There are 2 protein chains.
Amino acid sequence: MKTVLPPSCPMEALLRVITGPWTIYILWVLSEQGPQRFGAIKRLVPGISTRILTERLRMLEHAGVVWREQAMTIPPAVTYGLTERGAELRGMLDTLGAIARRWEDEGIFAEVRSGTE
Amino acid sequence: MKTVLPPSCPMEALLRVITGPWTIYILWVLSEQGPQRFGAIKRLVPGISTRILTERLRMLEHAGVVWREQAMTIPPAVTYGLTERGAELRGMLDTLGAIARRWEDEGIFAEVRSGTE
DNA sequence: AAAGTTGGTTACTTTAAAGTGCCTACTTTA
DNA sequence: TAAAGTAGGCACTTTAAAGTAACCAACTTT
């Protein structure tokens, strides 16, 4: 999603971090289930490919939202979890989720879907 | 961004409404400048094409975030504005924007960009 | 009489991103 | 002995979305 930022806008930058397929769901999993290993996350996010999961976790790590801890064993055991910044994001996502659920109850999204398909 | 919704998730649905290039900026313009006519919005969102602007406004209208009022004059005069639901979204976007600005001050996004380019 | 205004639509092209499949190197287990 | 699990990497294909450009109706102004 390479957006031509209309003006330089921190909001667009933040949205680039949290949007895109799977991202929110990955954060949700780490938030609800606590720190998890790569394979566990993959199982908790059914359908995601390893490539995309790796990419998203790396991006979230760069953004300081997720930490990564690698045990140098063989095979390696890599664990991911939410940082403080991630938790901060989580509170906001809860608000977002509350609005989303209210809208869903009001039947908004069905219309949106039918309007864009 | 046709997302394979992992589980049925209202949050993903909401994000489909507010994300994508220009969308947030359009909402911001309507929020700050009040209701505007099509041409005015186009001028206030420099660089956007009429096709994308039309598509976004239609989508936001379907989502009940924006209202549309067409005067059947010639040439037609079409005005768009934020609905109550749009205003509700606006409060949330303010929160989002506050977090975004704080992160920007902490220099997060530069890293994210360099990490994904 | 020609050009401009307004709010689009339609068709075509381009591109960024997501998906898919195959590979590693080592260990444990069946 | 071979299969499966671990955490990815790499190359190729596919596709959805954005960009680009041309066109339209109908009326007004120059």
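For the numbers below, each heavy atom of this structure counts, side chains included, while hydrogens, waters and symmetry mates do not. Residue numbers start from 1 in every chain, and the chains themselves are labelled A, B, ... in the order their sequence lines are given, proteins ahead of strands. Because the structure is predicted, anything quoted here is derived from the model rather than measured.
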What pairs of nitrogen or oxygen atoms, one from the protein and one from nucleotides 28-30 of chain C, lie under 3.5 Å apart?
none

Can you measure from CG (B:Leu57) to CG (B:Leu53) and round to the nearest 0.5 angstrom?
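Nearest 0.5 Å value for the CG-CG distance: 4.5 Å.
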Among all residues two or more places apart in sequence or in another chain, which pass the salt bridge (Lys or Arg N to Asp or Glu O under 4.0 Å) test with A:Arg68?
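Not a single residue meets the salt bridge (Lys or Arg N to Asp or Glu O under 4.0 Å) criterion with A:Arg68.
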Please list, chain by chain and in numerical order, all residues satisfying salt bridge (Lys or Arg N to Asp or Glu O under 4.0 Å) with A:Glu84, sequence neighbours excluded.
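Salt bridge (Lys or Arg N to Asp or Glu O under 4.0 Å) list for A:Glu84, sorted by chain: empty.
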Could you give the [atom1]-to-[atom2] distance, from [X] to [N], as a whole number of Å?
{"X": "B:Ile48", "N": "D:dG19", "atom1": "CD1", "atom2": "C1'", "result": "11 Å"}
{"X": "B:Glu55", "N": "D:dT20", "atom1": "CD", "atom2": "P", "result": "15 Å"}
{"X": "B:Glu12", "N": "C:dA18", "atom1": "CD", "atom2": "P", "result": "12 Å"}
{"X": "A:Ile26", "N": "C:dA18", "atom1": "CD1", "atom2": "C1'", "result": "13 Å"}
{"X": "A:Arg56", "N": "D:dA7", "atom1": "CZ", "atom2": "C1'", "result": "18 Å"}
{"X": "B:Ile52", "N": "D:dA21", "atom1": "CD1", "atom2": "P", "result": "14 Å"}

With sequence neighbours excluded, give me every side chain to side chain donor-acceptor pair (under 3.5 Å) pair touching residues 37-53 of chain A.
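As it turns out, there is no side chain to side chain donor-acceptor pair (under 3.5 Å) pair with a partner in residues 37-53 of chain A once direct neighbours are skipped.
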Considering all heavy atoms of both residues, which atom of A:Trp103 and which atom of B:Arg85 are nearest to each other, and what is their separation?
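Minimum heavy-atom separation between A:Trp103 and B:Arg85: CZ2-CG, 3.1 Å.
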For A:Thr23, check side-chain hydrogen bond (donor to acceptor under 3.5 Å, both in side chains) against everything at least two apart and list the hits.
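Per chain and number, A:Thr23 pairs via side-chain hydrogen bond (donor to acceptor under 3.5 Å, both in side chains) with A:Arg56.
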Looking at side-chain heavy atoms only, is the closest gap between B:Val78 and B:Tyr80 below 4.5 Å?
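Yes; the side chains approach each other to less than 4.5 Å.
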Would you say B:Met92 and B:Leu89 make side-chain contact, with heavy atoms under 4.5 Å?
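Yes. Closest side-chain heavy atoms under 4.5 Å.
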Phosphate OP1/OP2 of D:dG19: any B:Trp22 side-chain N/O under 4.0 Å
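Looking at the OP1 and OP2 atoms of D:dG19, one of them is under 4.0 Å from a side-chain N or O of B:Trp22.
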Once you apply the 3.5 Å cut-off to both distances, tell me the Watson-Crick or G-U wobble partner of C:dA30, or none.
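Base partner found: D:dT1.
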Can you pull every protein N or O that's under 3.5 Å from an N or O on nucleotides 6-11 of chain C?
unit_1	atom_1	unit_2	atom_2	d
C:dT6	O3'	B:Arg37	NH2	3.1
C:dT6	O3'	B:Pro76	O	2.8
C:dG7	OP1	B:Arg37	NE	3.1
C:dG7	OP1	B:Arg37	NH2	3.0
C:dG7	OP1	B:Val78	N	2.9
C:dG7	OP2	B:Gly39	N	3.3
C:dG8	OP1	B:Arg58	NH2	3.3
C:dG8	OP1	B:Arg68	NH1	2.5
C:dG8	OP2	B:Arg68	NH1	3.3
C:dG8	OP2	B:Tyr80	OH	2.6
C:dG8	O3'	B:Arg58	NH2	3.4
C:dT9	OP1	B:Arg58	NH2	3.2

May I ask whether A:Trp67 and A:Leu44 are part of the same hydrophobic cluster, defined by side-chain heavy atoms of I, L, V, M, F, W, Y residues being less than 4.5 angstrom apart, directly or through others?
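Per the 4.5 Å side-chain linkage, A:Trp67 and A:Leu44 are not co-clustered.
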